[in-house]
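Taking it in order: structure first as structure tokens, then the write-up.
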Amino acid sequence: MKKKLSKKDINVVLNKLEKLYPHAECELAYNSPFELLISTILAAQCTDVRVNKVTSELYKEYNTPEKILELSQEELENKIRSCGFYSTKSKNILATCKILIENYDGVVPDTREELMKLPGVGRKTANVVISNAYGKPAMAVDTHVFRVSNRIGLVNGKNVDETEQQLMKNIPKNLWTDTHHRIIFLGRRICKARKPICEECPINEECLYYKGKVM
DNA sequence: AACTCGGGGCA
DNA sequence: TGCCCAGAGTT
């Protein structure tokens with residue numbers, strides 16, 4: 001049924017995305033790998049705008065594992081409540097801070113395997129941290145990347161893991177991180193989950209979803 | 001694969 | 001009021 005784009009069209013899409021969003025970056029505000037880690041944990045099922053609003057206050061006083069562990073779970077919950085899932089996230093963040101101090105001398109590890117051992121850190125969050133904070137190639141697949149890349153036809157993945165594998169195979173390694181951010185930009189502004197604005201989409205000529213819609 | 005955690009923004 | 005948001009963990 002649904003097919004993937006040709007290699008040629010994939011390159012066209014990547015080039016258009018690069019011209020469209022040449023300086024795409026992580027929109028979570030952070031000043032250290034630790035801050036990015038905590039912000040990304042908070043970002044689960046929550047907009048980055050709200051995360052930044054919470055962390056801009058939180059990090060003034062609490063920007064290290066040691067500082068955050070000065071807070072009780074209830075105190076931390078009250079500070080991050082507006083990010084949603086505050087109970088789970090608070091518990092995970094406190095547990096993660098404790099592990100960072102006990103096992104990593106307070107330094108956020110730079111490998112996906114070590115990061116994913118931390119409570120509240122899954123594959124997506126780990127990929128965001130190693131790619132943005134440590135400059136390592138990684139393809140983080142969130143809801144935007146999953147939806148858009150499959151909708152366009154960059155990949156044809158049944159789930160997040162399949163999608164990540166296919167994206168890494170179809171996209172040059174040096175473009176993984178930038179492409180991740182560019183797809184998010186496109187996904188939020190145009191290729192939205194509900195009512196994608198296909199008429200204004202710069203890559204609708206290549207998009208399999210758009211072609212399917214007009215046929 | 002399905003279910004749970006969740007407040008806030010927006011139509 | 002209903003739907004959705006830079007996911008992860010458990011069953």
Side-chain angles (χ1 to χ4, degrees), chain A residues 17 21 23-31 33-59 73-100 108-109 112-134 136-151 154-155 157-164 167 176-197:
Chain A
L17 285 175
Y21 309 122
H23 304 114
E25 290 180 345
C26 180
E27 291 199 359
L28 295 172
Y30 63 97
N31 291 304
F34 178 73
E35 288 188 4
L36 177 61
L37 174 63
I38 301 304
S39 290
T40 310
I41 291 175
L42 289 175
Q45 296 298 297
C46 175
T47 62
D48 54 345
V49 174
R50 198 174 308 153
V51 172
N52 288 338
K53 191 173 295 181
V54 164
T55 58
S56 65
E57 283 300 315
L58 179 67
Y59 294 160
Q73 180 170 340
E74 185 180 356
E75 287 171 332
L76 183 56
E77 284 182 5
N78 287 330
K79 291 182 180 301
I80 70 169
R81 185 172 299 272
S82 63
C83 289
F85 299 150
Y86 52 85
S87 181
T88 302
K89 288 176 182 176
S90 291
K91 197 167 64 177
N92 285 336
I93 287 172
L94 290 174
T96 283
C97 287
K98 194 169 296 182
I99 294 175
L100 287 179
V108 176
R112 178 166 33 236
E113 290 70 25
E114 296 298 318
L115 282 163
M116 286 181 67
K117 292 178 184 174
L118 301 171
V121 180
R123 194 173 183 83
K124 181 262 176 179
T125 297
N127 279 333
V128 166
V129 171
I130 64 174
S131 62
N132 290 288
Y134 292 119
K136 294 188 172 184
M139 193 63 232
V141 179
D142 53 43
T143 56
H144 290 303
V145 174
F146 179 77
R147 178 185 70 256
V148 176
S149 59
N150 281 288
R151 185 181 273 172
L154 281 179
V155 294
K158 294 179 179 60
N159 51 50
V160 170
D161 290 338
E162 249 187 55
T163 299
E164 179 183 331
L167 282 171
W176 287 351
T177 302
D178 287 341
T179 302
H180 162 80
H181 292 125
R182 286 166 185 156
I183 290 178
I184 288 178
F185 273 48
L186 183 71
R188 287 173 49 170
R189 290 161 177 74
I190 294 176
C191 195
K192 300 184 290 185
R194 269 309 171 90
K195 297 178 179 177
I197 315 172

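Quick note: numbers below take in every heavy atom, side chains included, and nothing from hydrogens, waters or symmetry partners. Treat the numbers as computed from the prediction; the structure is a model and nothing was measured. Letters A, B, ... mirror the listed sequences (proteins, then strands); counts begin at 1.
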Original post:
NA contact type, A:T143, heavy-atom cut-off 4.0 Å: base, sugar-phosphate, or nothing?
Top reply: sugar-phosphate
**OP:** Find which nucleotide of DNA chain B each of A:Y86 and A:N159 is nearest to by heavy atoms, and output the residue with the more 5' nucleotide.
**Re:** A:N159
**OP:** Report, as yes or no, whether the 6.0 Å neighbourhood of atom CD on A:E113 holds more than 12 heavy atoms from other residues, nucleotides or ligands.
**Re:** yes
Original post:
Which whole number of Å gives the distance between the P atom of B:dG8 and that of C:dA8?
Top reply: 23 Å
**OP:** Report which part of the nucleic acid A:I41 touches: base, sugar-phosphate, or nothing (heavy-atom distance under 4.0 Å, all strands).
**Re:** nothing
**OP:** Give one of base, sugar-phosphate or nothing for A:T40, where a contact means two heavy atoms less than 4.0 Å apart.
**Re:** nothing
Subject >> 5' to 3' contact window, DNA chain B with chain A (heavy-atom distance under 4.0 Å) >> reply: B:dC5 to B:dG9
For nucleotides 9-11 of chain C, give me every protein contact, N/O to N/O, under 3.5 Å, one pair per line with atom names.
residue : atom : partner : partner atom : Å
C:dG9   : OP1  : A:G120  : N            : 3.0

**OP:** Could you check whether A:A193 gets within reach of a base, just the sugar-phosphate, or nothing at all, counting any heavy atom under 4.0 Å?
**Re:** sugar-phosphate
Subject >> 5' precedence on DNA chain B between A:K195 and A:S82 (nearest-nucleotide basis) >> reply: A:S82
**OP:** Not counting sequence neighbours, list each pair that qualifies as a side chain to side chain donor-acceptor pair (under 3.5 Å) and has a residue in residues 33-46 of chain A.
**Re:** A:S39-A:Y59
Subject >> Closest listed nucleotide, where the reference is the side chain of A:R194 and the choices are C:dC5, C:dC4, C:dG7 >> reply: C:dC4
Original post:
Starting at CZ of A:R112 and ending at P of C:dA8, how long is that distance when rounded to a whole Å?
Top reply: 13 Å
